[in-house]
Undergrad: 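Below you'll find the structure I mean.
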Amino acid sequence: MKNVLVAKILYEIADLLEMEDVEFKPRAYRKAARSVEALSKPIEQVSAEGKLDELPGVGANIAKKIVEIIETGSLKYYEELRKRTPVDLEGLLSVEGIGPKTVKLLYTRLGVKSLDDLERAARLHKIRMIKGLGSKTEENILGSIELARSKKERVLLGSALPIAERISEGLKEAIAADGIVIEVEVAGSLRRMKETVGDIDILATCMQPRHVLDIFAAMRGVRKVLDKGETKCSVLLEDNMQVDLRVVEEKSFGSALMYFTGSKDHNIAMRRIAMEKGYKLNEYGLFNDTVQIAGRTEEEVYKHLDLDYIPPELREDHGEIEAAKKHELPNLIRYGAIKGDLHTHTKWSDGLQTIEQMAQAAEDIGYSYIAITDHYSRMKIARGLTELQLRNQMKQIDQIDGKLSGIRVMKGAEIDIRKDGSLDARKELLKELDVVVASVHGTFKQTKKEMTNRIISAMESGYVDVIGHPTSRKIGEKKPCEIDMERVFETSKRTQTYLEINSQPQRLDLDDANVRLALEFGCRLAVNTDAHNHEQLKNIRLGVAIARRGWAEAEDIITTQPLINLMKTLRKS
DNA sequence: GCCGTTTTCGGCCCGACTGTTTTCAGTCG
């Protein structure tokens with residue numbers, strides 16, 4: 001599956017062309033790249049079927065280039081562009097505030113090719129000497145460069161999860177084909193559903209550990225075997241992700257799973273409890289002297305320590321052990337509990353699919369409602385709709401909704417919260433919508449107080465149902481805005497304006513800590529995907545994971561409610 | 001380089017903000 005590679009090259013061509021002041025082509029390449037990225041099947045398959053030019057944004061020329069990438073792993077056109085400006089484009093562009101034009105400028109004037117070069121140039125105050133740049137730019141670069149570097153070290157949950165699942169499924173299938181019984185589980189921070197992970201840990205139990213390790217080391221996608229022993233094998237995948245596989249005896253599977261799931265702090269606390277009871281806990285089991293009294297499953301280990309079972313998402317030593325002791329753990333929202341999505345986009349604004357396609361996809365995953373909330377903006381953010389366009393869309397949604405019986409399609413919009421906290425839409429228009437999502441786009445350089453008031457104003461307007469991606473953070477790219485969250489939570493509760501848990505892999509905003517705090521304030525939240533294509537509707541599990549990590553129960557999340565209850569919850573019903 | 005019930009050629013999103021500038025380029029969403 002070369003989708004990621006193809007998309008990456010197309011994106012980079014766009015940046016390279018932009019560097020050279022080429023007009024319009026960058027946009028064309030980006031559109032094609034997004035199409036490839038959104039694809040659920042291998043690009044090779046689409047190519048083999050001769051259907052590349054059916055992808056939105058892919059014409060004869062780009063199709064030809066994609067074929068070349070599939071066949072050779074690279075692209076002459078791309079290599080030539082790179083030769084003209086041989087820099088670590090991806091790295092340099094990951095610095096906030098630096099775009100293709102600045103990369104070009106820094107390269108031609110200072111020979112900056114890498115993040116290290118950039119940092120050196122900034123420290124030596126060479127950047128401020130360039131016409132068009134200044135001391136402020138230099139300071140900003142130094143401020144963002146660490147963040148840009150750290151991005152490489154951890155991978156988004158949303159990226160790592162499918163890789164881990166593919167590997168564990170592949171392993172199961174390969175072993176099963178040999179007629180051998182195997183049990184495989186993903187462990188580590190990935191199992192705890194942390195928003196980013198450093199590597200992938202997989203645990204297996206099998207009577208023939210060596211056979212499992214051999215198959216694992218020879219799997220497709222493995223670039224390098226880092227080390228391989230009797231029970232453990234570490235490999236580096238083609239995309240630089242490290243995967244560790246451990247094979248343990250069946251009688252130790254539960255305790256090993258606990259041990260390798262962590263967190264470290266949770267494990268330490270657990271071992272202390274075992275000690276207090278006169279036992280010993282390690283990855284091989286729970287022991288009374290030398291006799292193993294538990295270890296086959298996690299459940300029996302917790303039980304023998306007089307604790308309720310603690311779901312992996314809670315294992316951070318943030319009070320979960322005390323709660324488990326007192327039988328006060330939350331009844332966490334289940335992964336399948338979501339009944340609908342209140343934040344989605346279509347090709348009317350910057351999405352990829354039609355309203356029908358999004359609604360159909362939502363119905364297919366078992367939802368009973370979906371709100372179409374394309375960007376609406378008087379300032380044309382992300383191809384926002386005009387009032388006339390939105391009214392046309394509303395008519396079309398009504399027609400589509402009339403035709404579909406299995407799912408309710410709701411009229412909505414994502415409205416920009418302007419700098420002064422006012423909504424970028426006429427109130428009369430908002431009244432006609434079923435769902436109003438209001439979000440901050442463009443965080444400027446506002447103070448904490450200004451930003452807090454900006455969001456609170458929107459909540460107090462009386463026209464907003466959901467605040468979209470409340471802190472505007474992007475993991476590894478953009479820090480969350482400084483906001484007085486407690487004031488926001490208080491207002492959310494008072495005005496019954498629901499804060500979103502945005503399920504986009506790079507957002508996950510609110511984050512787990514804020515979710516937990518919001519719940520303490522008595523807020524209810526909305527888990528949405530902000531999907532820009534139908535595949536992204538499936539990101540909902542990431543949002544639910546964050547809800548679980550924030551100790552949320554189903555009742556805390558309005559999108560678990562059936563339609564009739566939801567309508568009572570929203571203000572415009 | 002792509003695309004089309006107003007077009008197969010001529011458009012293609014655009015406004016705000018920042019940091020640099022004396023009127024604007026680059027970045028962002």
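Convention: sequence-line order gives letters A, B, ...; per-chain numbering from 1.
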Undergrad: Quick one: list whatever passes side-chain contact (heavy atoms from CB on, under 4.5 Å) with A:Asp117, sequence neighbours left out.
TA: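 Applying side-chain contact (heavy atoms from CB on, under 4.5 Å) to A:Asp117 gives A:Val112, A:Lys113, A:Ser114, A:Arg120.
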Undergrad: Is A:Phe24 stacked against the base of B:dC2, taking the criterion as centroid distance under 5.5 angstrom and interplanar angle under 30°?
TA: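 Here the ring of A:Phe24 and the base of B:dC2 are not stacked, as the 5.5 Å and 30° limits are not both satisfied.
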Undergrad: Is there a Watson-Crick or G-U wobble partner for B:dC14 with both distances under 3.5 Å, and which nucleotide is it?
TA: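 Here B:dC14 is engaged in a pair, and the nucleotide opposite it is B:dG29.
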Undergrad: Round to the nearest Å and state the distance from A:Glu18 atom CD to B:dC13 atom P.
TA: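 So the two atoms are 13 Å apart, to the nearest Å.
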Undergrad: Remember a base hit wins even if backbone is also touched, and classify A:Lys64 as base, sugar-phosphate or nothing at under 4.0 Å, heavy atoms.
TA: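 If one applies the 4.0 Å heavy-atom cut-off, A:Lys64 turns out to touch nothing in the nucleic acid.
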Undergrad: Considering residues at least two apart in sequence or located in another chain, which fulfil the salt bridge (charged side-chain N to carboxylate O under 4.0 Å, His left out) criterion with A:Lys65?
TA: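 Scan of A:Lys65 (salt bridge (charged side-chain N to carboxylate O under 4.0 Å, His left out), adjacent residues dropped) gives none.
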Undergrad: Base, sugar-phosphate, or nothing for A:Ala60, non-hydrogen atoms under 4.0 angstrom?
TA: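 Since only primed, P, OP1 and OP2 atoms lie under 4.0 Å of A:Ala60, the category is sugar-phosphate.
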Undergrad: How many whole angstroms separate atom NE2 of A:His441 from atom P of B:dC13?
TA: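 After rounding, the reported distance stands at 18 Å.
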Undergrad: When the C1' atoms of B:dT23 and B:dC17 are compared, how many Å lie between them, rounded to an integer?
TA: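 Going atom to atom, C1' in each nucleotide, I get 16 Å.
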Undergrad: Hey, what are the protein-to-nucleotides 24-26 of chain B N/O distances that come in under 3.5 Å?
TA:
from, atom 1, to, atom 2, distance (Å)
B:dG26, O3', A:Thr102, OG1, 3.1

Undergrad: Contacts to DNA chain B from residues 129-138 of chain A, heavy-atom cutoff under 4.0 Å, which residues?
TA: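 A:Gly132, A:Leu133, A:Gly134, A:Ser135, A:Lys136, A:Thr137 - these, ordered by number, are the residues of the stretch whose heavy atoms sit under 4.0 Å from the strand.
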Undergrad: Sort me out a list of protein N/O and nucleotides 3-8 of chain B N/O pairs below 3.5 Å, or just none if empty.
TA:
from, atom 1, to, atom 2, distance (Å)
B:dC3, OP1, A:Gly57, N, 2.8

Undergrad: For atom P, what is the distance between B:dT27 and B:dT20, given to the nearest Å?
TA: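 My reading of the P atoms in B:dT27 and B:dT20 gives 13 Å.
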Undergrad: Could you list the residues that satisfy side-chain contact (heavy atoms from CB on, under 4.5 Å) with A:Asn539, not counting sequence neighbours?
TA: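 Expected list: A:Ser503, A:Pro505, A:Gln536, A:Leu542.
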Undergrad: Give, for atom CG of A:Leu133 and atom NZ of A:Lys126, the distance between the pair rounded to the nearest 0.5 Å.
TA: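 Result: 14.5 Å between the selected atoms.
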Undergrad: Tell me the interatomic distance from A:Arg473, atom CZ, to B:dG29, atom P, rounded to whole angstroms.
TA: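 Those two atoms, CZ and P, are 15 Å apart.
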Undergrad: What interatomic distance, in whole Å, is found between P of B:dC9 and the corresponding atom of B:dC14?
TA: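 24 Å, rounded to whole Å.
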Undergrad: Regarding A:Ser74 and A:Glu79, is there a side-chain donor-to-acceptor distance under 3.5 Å anywhere?
TA: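 A:Glu79 and A:Ser74 do have a side-chain donor-acceptor pair below 3.5 Å.
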Undergrad: Let me know the distance between NZ of A:Lys347 and C1' of B:dC2, rounded to the nearest Å.
TA: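 Roughly 13 Å, once rounded to whole Å.
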Undergrad: Quick one: list whatever passes ring pair (Phe, Tyr, Trp, His ring centres under 6.0 Å) with A:His345, sequence neighbours left out.
TA: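 A:His345 satisfies ring pair (Phe, Tyr, Trp, His ring centres under 6.0 Å) with A:His343, A:His375, A:His532 only.
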Undergrad: Does the side chain of A:Asn140 get closer than 4.0 angstrom to OP1 or OP2 of B:dT18 through an N or O atom?
TA: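 So the side-chain polar atoms of A:Asn140 never come under 4.0 Å of the phosphate oxygens OP1 or OP2 of B:dT18.
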Undergrad: Which pairs with one or both residues in residues 66-76 of chain A pass salt bridge (Lys or Arg N to Asp or Glu O under 4.0 Å), sequence neighbours excluded?
TA: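 Residue pairs passing salt bridge (Lys or Arg N to Asp or Glu O under 4.0 Å), neighbours aside: none found.
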Undergrad: Holding to salt bridge (charged side-chain N to carboxylate O under 4.0 Å, His left out), I want the full list of residues that pass it with A:Asp512, two or more places apart in sequence or in another chain.
TA: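 A:Arg549.
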Undergrad: If you look only at pairs with a residue in residues 465-501 of chain A, which of them pass as a ring-ring contact (aromatic ring centres under 6.0 Å, His included), with sequence neighbours excluded?
TA: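 Every pair satisfying ring-ring contact (aromatic ring centres under 6.0 Å, His included) with a residue in residues 465-501 of chain A: A:His441-A:His469, A:Phe489-A:Phe521.
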Undergrad: Strictly below 4.0 Å: does A:Lys478 bring a side-chain N or O up to OP1 or OP2 of B:dC28?
TA: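 Negative; the distance criterion is not met.
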Undergrad: Between B:dT5 and B:dG1, how far apart are the P atoms? Round to whole Å, please.
TA: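 Pairwise P distance, B:dG1 against B:dT5, rounds to 23 Å.
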Undergrad: In whole angstroms, how far is the P atom of B:dC14 from the NE2 atom of A:His375?
TA: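 It is 16 Å, rounded to the nearest whole Å.
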Undergrad: What is the distance, rounded to the nearest whole Å, between atom CG of A:Asp416 and atom C1' of B:dC28?
TA: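 My rounded result for the distance is 12 Å.
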Undergrad: Could you measure between the two P atoms, the one in B:dA16 and the one in B:dG10, and give it in whole Å?
TA: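 B:dA16 and B:dG10 have their P atoms separated by 31 Å.
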Undergrad: In this structure, how many angstroms lie between the P atom of B:dC2 and the CG atom of A:Leu10, rounded?
TA: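 Those two atoms, CG and P, are 10 Å apart.
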Undergrad: Go through the structure and list residues passing salt bridge (charged side-chain N to carboxylate O under 4.0 Å, His left out) with A:Asp21, not counting sequence neighbours.
TA: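 Once residues adjacent in sequence are excluded, the partners of A:Asp21 under the salt bridge (charged side-chain N to carboxylate O under 4.0 Å, His left out) criterion are A:Lys101.
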Undergrad: Among residues at least two apart in sequence or on other chains, which ones pass salt bridge (charged side-chain N to carboxylate O under 4.0 Å, His left out) with A:Asp484?
TA: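 By the salt bridge (charged side-chain N to carboxylate O under 4.0 Å, His left out) rule, A:Asp484 matches no residue at all.
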Undergrad: Can a side-chain donor-acceptor contact be found between A:Asn502 and A:Gln504 if the only test is distance below 3.5 angstrom?
TA: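 Short answer, no.
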Undergrad: Please check if any side-chain donor atom of A:Asn392 sits under 3.5 Å from a side-chain acceptor atom of A:Gln396, or the reverse.
TA: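 Their side chains do not contain a donor-acceptor pair, so the 3.5 Å distance test is not met.
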Undergrad: Measuring only the C1' atom in each nucleotide, how far is B:dC13 from B:dC2? A whole number of Å is fine.
TA: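 It comes out at 16 Å once rounded to the nearest Å.
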Undergrad: Measure from CD1 on A:Ile66 to C1' on B:dC2 and round the result to the nearest Å.
TA: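 Atom CD1 in A:Ile66 sits about 13 Å away from atom C1' in B:dC2.
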